[in-house]
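One structure below.
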Protein chains: 2
Amino acid sequence: MRLTTKGRYAVTAMLDLAYHSSKRPVALTDIAKRQDISLSYLEQLFAKLRRAGMVTGVRGPGGGYQLSRPAHEINIAEIITAVDETLDSTRCGGKGNCQNDQPCLTHELWMGLSEQIRAYLAGISLGDLLSRHEIQQVANRQDREMQGVSIGEESVN
Amino acid sequence: MRLTTKGRYAVTAMLDLAYHSSKRPVALTDIAKRQDISLSYLEQLFAKLRRAGMVTGVRGPGGGYQLSRPAHEINIAEIITAVDETLDSTRCGGKGNCQNDQPCLTHELWMGLSEQIRAYLAGISLGDLLSRHEIQQVANRQDREMQGVSIGEESVN
DNA sequence: CAAAAAATTGACTAAATTACTAGGGATTGG
DNA sequence: CCAATCCCTAGTAATTTAGTCAATTTTTTG
């Protein structure tokens, strides 16, 4: 299966966006700082998310990104497939030609697993995550840390 | 998450072993041919499976591998973790130090997913798979193809 | 209008990981 | 003995990921 930092970053960034979305768009530089993700890399991810119609870019000063839909209408599986192309666990991409044009011995097993994963992640929306306690706590902590950083740069490290 | 060909090969090979196990051990060369897996690579995988106590090696002519336990007592999650080390989907290996020593915003989400996957695969045994129709069909086809190959490549016959 | 802020795009690259090869023992049945 | 088989260690080619760099376009603010 393909669940790498790319997909994880995308979900994290979208959640950050959802959490900080009010009237004004959220700039990628802010998300990058809060979530410790390289800005250039985030730009690539948001390009895909925009093409997938999940976010809208607003250019110019005061610009940034906004969710195209309410947070509870965006589920995690969508986000990952938007940047990662697939949540599939088969070797053949579900085509069933894993062993010279025939399904391999375990083809059905991986198909079942893929569906399991997809269903799980499709059943969770950004809105769901926002309402979780642990996540609010983490988001809060990150906001506080951001303020400290904005003047004093990163301390010793 | 880490579900790659390594884990898939291991499960496939174990299933092949379970399917062909009778009194005599099954040689890796046979599994390699039937499942289209490089012999050396299989040897590496079985070294791990052996260390994990799932199979027993028998040396010498007529030797090979045997399951250490009945097929219905070996589940898929075990096999994968034995060769792949982890079914974890977090970046931090579940430790919660994903963002400078603190859990990242989506830590809990990936923990939940990992558990979901683990539970699904732990609930399926080699024995379960053996009793599935599609799998018996594929195994049968592979056996027939093997016989054709052993002397004259694919003969019309 | 000019300058700045921010998205947008595309090409390139370093590092990591995977999948696989090579080659040499060690055992044992016939 | 000898050939089949497991067993072990190193090395390597290919792929993928995560990230950089640089240039451009669009829009807003002053």
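Order of the sequence lines sets the chain letters (A, B, ...), proteins ahead of strands, with each chain counted from 1. Here the structure is a predicted model, which is why all the values come from computation and not from measurement.
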Rounded to whole Å, how long is the line connecting atom [atom1] of [X] with atom [atom2] of [N]?
| X | N | atom1 | atom2 | answer |
| --- | --- | --- | --- | --- |
| A/L42 | C/dT9 | CG | C1' | 16 Å |
| B/R50 | D/dT5 | CZ | P | 17 Å |
| A/K48 | C/dA7 | NZ | P | 18 Å |
| B/L39 | D/dC6 | CG | C1' | 10 Å |
| B/K6 | D/dT15 | NZ | P | 18 Å |
| A/D36 | D/dG19 | CG | P | 10 Å |
| A/Y41 | C/dT9 | OH | P | 18 Å |
| A/L28 | D/dT26 | CG | P | 18 Å |

Task: Positive for side-chain hydrogen bond (donor to acceptor under 3.5 Å, both in side chains) with B/Q142, one of B/Q137, B/Q35, B/K33, B/H20 - done: B/Q35
Open item on the list: One pair to check against side chain to side chain contact (heavy atoms under 4.5 Å, CB included): B/R118 and B/T81. What are the steps and the verdict?
Closed with: CA-CA 10 Å; B/R118 216 200 47 73; B/T81 48; 6.0 Å; no
Would you say [N] has OP1 or OP2 under 4.0 Å from some side-chain N or O of [X]?
| X | N | result |
| --- | --- | --- |
| A/R8 | D/dT17 | no |
| A/Y9 | D/dG19 | yes |
| A/Y65 | C/dT8 | yes |
| B/S38 | C/dT21 | yes |

TODO: Calculate, to the nearest 0.5 Å, the distance between atoms CD and CZ belonging to A/Q99 and A/R91 respectively.
DONE: 10.0 Å
- [ ] Decide if atom CZ of B/R69 counts as having more than 12 heavy atoms of other residues, nucleotides or ligands within a radius under 6.0 Å.
- [x]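 Above 12, so yes.
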Open item on the list: Working note: B/L129 + A/E108, criterion side chain to side chain contact (heavy atoms under 4.5 Å, CB included); need CA distance, chi angles, decisive distance, verdict.
Closed with: CA-CA 9 Å; B/L129 291 181; A/E108 290 300 321; over 6 Å; no
- [ ] For each nucleotide in nucleotides 22-30 of chain C, reading 5' to 3', give B when a protein heavy atom comes within less than 4.0 Å of its base, S when such contact involves only the sugar-phosphate, and - otherwise.
- [x] B---BBBB-
Open item on the list: Please enumerate all residues that pass side-chain hydrogen bond (donor to acceptor under 3.5 Å, both in side chains) together with A/S68, with sequence neighbours excluded.
Closed with: A/T56
- [ ] Name the nucleic acid region contacted by B/A47, choosing base, sugar-phosphate or nothing; use a 4.0 angstrom heavy-atom cut-off, strictly under.
- [x]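 Nothing, no nucleic acid heavy atom in range.
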Open item on the list: Students often mix this up, so state it plainly: with edges at 30° and 60°, are the rings of A/Y9 and A/Y41 parallel, tilted or perpendicular?
Closed with: perpendicular
